[in-house]
Amino acid sequence: MILHTSLPSAVALGTMHGKEAAIAPPLAALGITLRRADIDTDRFGTFAGDVARAGTMLEAARAKARLAANTLGLDVGLASEGAYGPHPYIPFLPLGQEMLIWHNTLTGHEIIETLTDDRPVFDQQTITDPADADAFLSRIGFPATAVTVQAAPSVMPAAKGVTGRATLDTAIADCLATTGSALLQTDMRAHMNPRRMEVIGDLAQRLAQRLATPCPDCAAPGFGRLRGVPGLPCRDCGIETGMIAADIHGCTACGSETIRTRAGEADPAHCPYCNP
Ligand SMILES: [Zn+2]
Ligand SMILES: [Zn+2]
């Protein structure tokens, strides 16, 4: 594997949704210019569901990053990918997963940052009366957060990226006239959802911090946390819990890893013995 021990002066970002606004500044601080590749990222899947995502989040992000790099003739491509849905453990709460990938098309070297947003602006409501839209709109912060309007979950959105009240009212009226109900959803595209853009900015900060950290063994940029190891002992009985006991930091260029043990004990609430 060819190792690049210095950072490139320019990298490509594949986006149609203005993500460069959030990702460029932290990279600029490292002397890296972010160049936007004009590629059709929607073909890798859309939030509105009119194009299904092919493969996993990582595969979709990697494909976008590679295409961006190839389009601009640069070695490194970046792409971000998000997934939003119901919280797996807490009823009625939404959860967002965001990923930012740095992919070197020459070496295959990848740096991946992920982040969980437990307060995403991700919501939906079905209405049968136009007046019922108001509570939803104020809850999601319309019009800063845009909405999509569709007649039913299974059909194409009648309108996407709606930030104007008149457009919204027309789309709702159209849906009510055809099916008697309208499904309103937060538009999850980054430029339509300020909360999502903010989270992507946080990810970019983390990526920059990591790029500024060279591997102690091979000097490649991007040394940082790769994963957690569960097994933090319970405070009451000492049994291993599912809580993180150590973090593995490493380099994805040469494979070198170090383990950093976390101090402390787990709350018995997380213990399989004390709180089965
Ligand atoms: Zn216990
Ligand atoms: Zn290394």
Side-chain angles (χ1 to χ4, degrees), residues 15-19 21-22 40-57 60-61 64 79-100 114-203:
T15 182
M16 299 196 305
H17 303 146
K19 291 175 185 171
D40 178 13
T41 52
D42 276 356
R43 69 182 236 210
F44 298 102
T46 64
F47 280 109
D50 31 355
V51 183
R53 180 157 62 203
T56 63
M57 243 173 116
K64 281 197 282 191
S80 106
E81 192 69 18
Y84 288 79
H87 196 290
Y89 305 123
I90 308 168
F92 310 116
L93 272 190
L95 194 70
Q97 300 287 347
E98 290 284 351
M99 169 183 287
L100 180 62
T114 57
L115 204 155
T116 300
D117 183 8
D118 56 7
R119 302 184 65 183
V121 179
F122 170 72
D123 206 347
Q124 63 174 59
Q125 184 159 3
T126 300
I127 61 168
T128 52
D129 184 320
D132 294 339
D134 293 337
F136 173 79
L137 295 175
S138 67
R139 189 163 74 232
I140 65 158
F142 177 87
T145 302
V147 298
T148 67
V149 186
Q150 58 199 99
S154 56
V155 302
M156 286 263 294
K160 291 205 281 185
V162 178
T163 55
R165 189 62 205 231
T167 311
L168 179 71
D169 289 342
T170 306
I172 290 173
D174 287 350
C175 291
L176 292 182
T178 46
T179 63
S181 70
L183 171 63
L184 309 182
Q185 292 180 286
T186 45
D187 196 322
M188 297 313 293
R189 292 174 294 164
H191 60 320
M192 296 289 163
N193 193 303
R195 170 63 187 183
R196 188 161 179 241
M197 193 67 97
E198 185 189 320
V199 171
I200 292 170
D202 289 348
L203 265 183

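Everything numeric in this text was worked out from a predicted model, so none of it was measured.
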Measure the shortest side-chain to side-chain distance between [X] and [Y] over non-hydrogen atoms and say whether it is less than 4.5 angstrom.
X	Y	value
Leu95	Pro88	yes
Asp174	Val149	no
Met16	Arg189	no

[X] side-chain N/O to [Y] backbone N/O, donor-acceptor pair under 3.5 Å:
X	Y	result
Thr163	Ala146	no
Glu81	Met99	no
Asn193	Val121	yes

Between atom [atom1] of [X] and atom [atom2] of [Y], what is the distance when rounded to the nearest 0.5 Å?
X	Y	atom1	atom2	answer
Phe122	Thr145	CZ	OG1	13.0 Å
Asp118	Gln97	CG	CD	10.0 Å
Leu100	Ile200	CG	CD1	8.5 Å
Arg119	Leu93	CZ	CG	10.0 Å
Thr148	Met156	OG1	CE	11.5 Å
Leu176	Ser181	CG	OG	7.0 Å

Where do [X] and [Y] come nearest, in terms of heavy atoms and distance?
X	Y	answer
Phe136	Val147	CE2-CG1, 4.0 Å
Ala152	Leu183	C-CD2, 4.4 Å
Leu168	Phe142	CD2-CZ, 4.2 Å
Ala151	Cys175	N-SG, 3.5 Å
Met197	Lys19	SD-CA, 4.1 Å
Pro94	Pro120	O-CD, 3.7 Å

Exactly one candidate in Thr114, Asp117, Leu203, Thr116 meets side chain to side chain contact (heavy atoms under 4.5 Å, CB included) with Glu98; the answer is Leu203
Is the shortest side-chain N to carboxylate O distance from Asp187 to Arg196 below 4.0 Å?
no
Evaluate side-chain contact (heavy atoms from CB on, under 4.5 Å) for Gln185 paired with Gln150, printing each intermediate quantity in order.
CA-CA 9 Å; Gln185 292 180 286; Gln150 58 199 99; 3.0 Å; yes
What do you reckon, is CZ of Arg165 surrounded by more than 12 foreign heavy atoms closer than 6.0 Å?
yes
Using 30° and 60° as the class limits, which term best fits the ring planes of His17 and His191: parallel, tilted or perpendicular?
parallel
